[in-house]
Amino acid sequence: MLPAFVGAWVPSALGHLAPVLTIVSGQGGIRVFHESFRRFMTEELARQGRSPADALAPVIAWLEGRGFYRDAKSYRFLLPALRRARRDTDVVELVNTTFVSDSVAYGHPLSAVQRNLALAADVAARRLDWPALVRCVELHRA
């Protein structure tokens, strides 16, 4: 996910950050669990004139490269990452009229399908995108 010259620094950086990280074994990764550190990072990005979307861009590109439907990790984490990056249009476009049938065809569990539909419905409602919201509701009924 990271260029080789940056990737070499990751193990050392993770060692320094260990007190505010937690291993998420079921997801195969780590998470910042300390809320004040999370706020600090968001404020630091803003101070630098950047946004969380800048930090999420390589993650989103990596998840997209794995294939939204083909890869369970992408299916689970791409939509939340897009929402956090304020890429609402991308969320709504991914949850299209064939979303449920494509999800079933690729073997995604009902809980994951419903979670993504709920997220897309939330995004559509926040945007007042009524056609997308109705589509999400109808897909949920399917």
Side-chain angles (χ1 to χ4, degrees), residues 1-140:
M1 191 178 344
L2 298 171
F5 71 93
V6 175
W9 297 333
V10 171
S12 174
L14 290 176
H16 291 294
L17 293 171
V20 295
L21 300 177
T22 185
I23 295 174
V24 187
S25 57
Q27 298 170 356
I30 57 171
R31 177 179 293 149
V32 176
F33 74 88
H34 198 279
E35 185 58 38
S36 63
F37 183 70
R38 207 178 293 204
R39 266 194 320 275
F40 165 77
M41 292 303 297
T42 303
E43 290 167 5
E44 180 61 20
L45 285 170
R47 188 187 69 72
Q48 294 175 10
R50 297 170 58 207
S51 71
D54 297 327
L56 287 168
V59 174
I60 290 170
W62 181 74
L63 289 169
E64 288 174 332
R66 295 176 69 92
F68 179 62
Y69 290 105
R70 283 191 326 267
D71 183 74
K73 198 171 291 241
S74 179
Y75 190 82
R76 178 167 181 177
F77 296 109
L78 181 57
L79 293 185
L82 289 169
R83 179 173 60 179
R84 289 193 69 207
R86 305 252 185 241
R87 290 177 51 183
D88 294 350
T89 301
D90 294 331
V91 171
V92 171
E93 287 176 0
L94 277 171
V95 181
N96 59 25
T97 57
T98 63
F99 175 78
V100 171
S101 60
D102 291 342
S103 297
V104 170
Y106 279 88
H108 293 289
L110 176 63
S111 60
V113 176
Q114 289 176 332
R115 190 171 37 252
N116 278 339
L117 282 171
L119 185 148
D122 181 60
V123 167
R126 187 168 26 91
R127 292 171 42 137
L128 301 177
D129 184 343
W130 303 118
L133 182 58
V134 169
R135 183 174 63 241
C136 291
V137 169
E138 290 301 316
L139 286 169
H140 188 268

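Just the heavy atoms: all of them, side chains too, but no hydrogens, waters or symmetry mates, feed the values below. Note that this is a predicted model, so its numbers are computed, not measured.
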Residue pair Leu79 / Val95, side-chain heavy-atom distance below 4.5 Å: yes

Calculate, to the nearest 0.5 Å, the distance between atoms CG and CZ belonging to Asp88 and Arg126 respectively. 4.5 Å

Quick one: salt bridge (Lys or Arg N to Asp or Glu O under 4.0 Å) partners of Asp102, sequence neighbours excluded? none

Kindly compute the distance separating CZ (Arg47) from CZ (Phe40), expressed to the nearest 0.5 Å. 8.5 Å

Which residues pass the salt bridge (Lys or Arg N to Asp or Glu O under 4.0 Å) test with Arg127, sequence neighbours left out? Asp129

List for me each residue that meets side chain to side chain donor-acceptor pair (under 3.5 Å) alongside Arg66, sequence neighbours excluded, and say none if there are none. Asp71

Mind listing the side-chain donor-acceptor pairs of residues 48-55 below 3.5 Å, one per line with the distance, residues two or more places apart or on another chain?
from  : atom 1 : to    : atom 2 : distance (Å)
Gln48 : OE1    : Arg50 : NH1    : 3.0
Gln48 : NE2    : Glu44 : OE2    : 2.9
Ser51 : OG     : Ala53 : N      : 3.2
Asp54 : OD2    : Ser51 : N      : 2.9

Worked check of side-chain contact (heavy atoms from CB on, under 4.5 Å) between Phe68 and Phe99: CA-CA 11 Å; Phe68 179 62; Phe99 175 78; 3.8 Å; yes

Apply side chain to side chain contact (heavy atoms under 4.5 Å, CB included) to Ala72 and list each qualifying residue two or more places apart in sequence or on a separate chain. none

Residues 106-120, side-chain donor-acceptor partners within the protein, below 3.5 Å, at least two apart:
from   : atom 1 : to    : atom 2 : distance (Å)
His108 : NE2    : Tyr69 : O      : 2.7
Asn116 : ND2    : Tyr75 : O      : 3.0

Between Ala124 and Leu133, which heavy-atom pair has the shortest distance, and what is it? CB-N, 3.6 Å

Which residues pass the salt bridge (Lys or Arg N to Asp or Glu O under 4.0 Å) test with Glu64, not counting sequence neighbours? Arg87

Which pair of heavy atoms, one from Leu139 and one from Asn96, lies closest together, and at what distance? CD1-O, 3.3 Å

Partners passing salt bridge (Lys or Arg N to Asp or Glu O under 4.0 Å) against Arg135 (at least two apart in sequence or in another chain): none

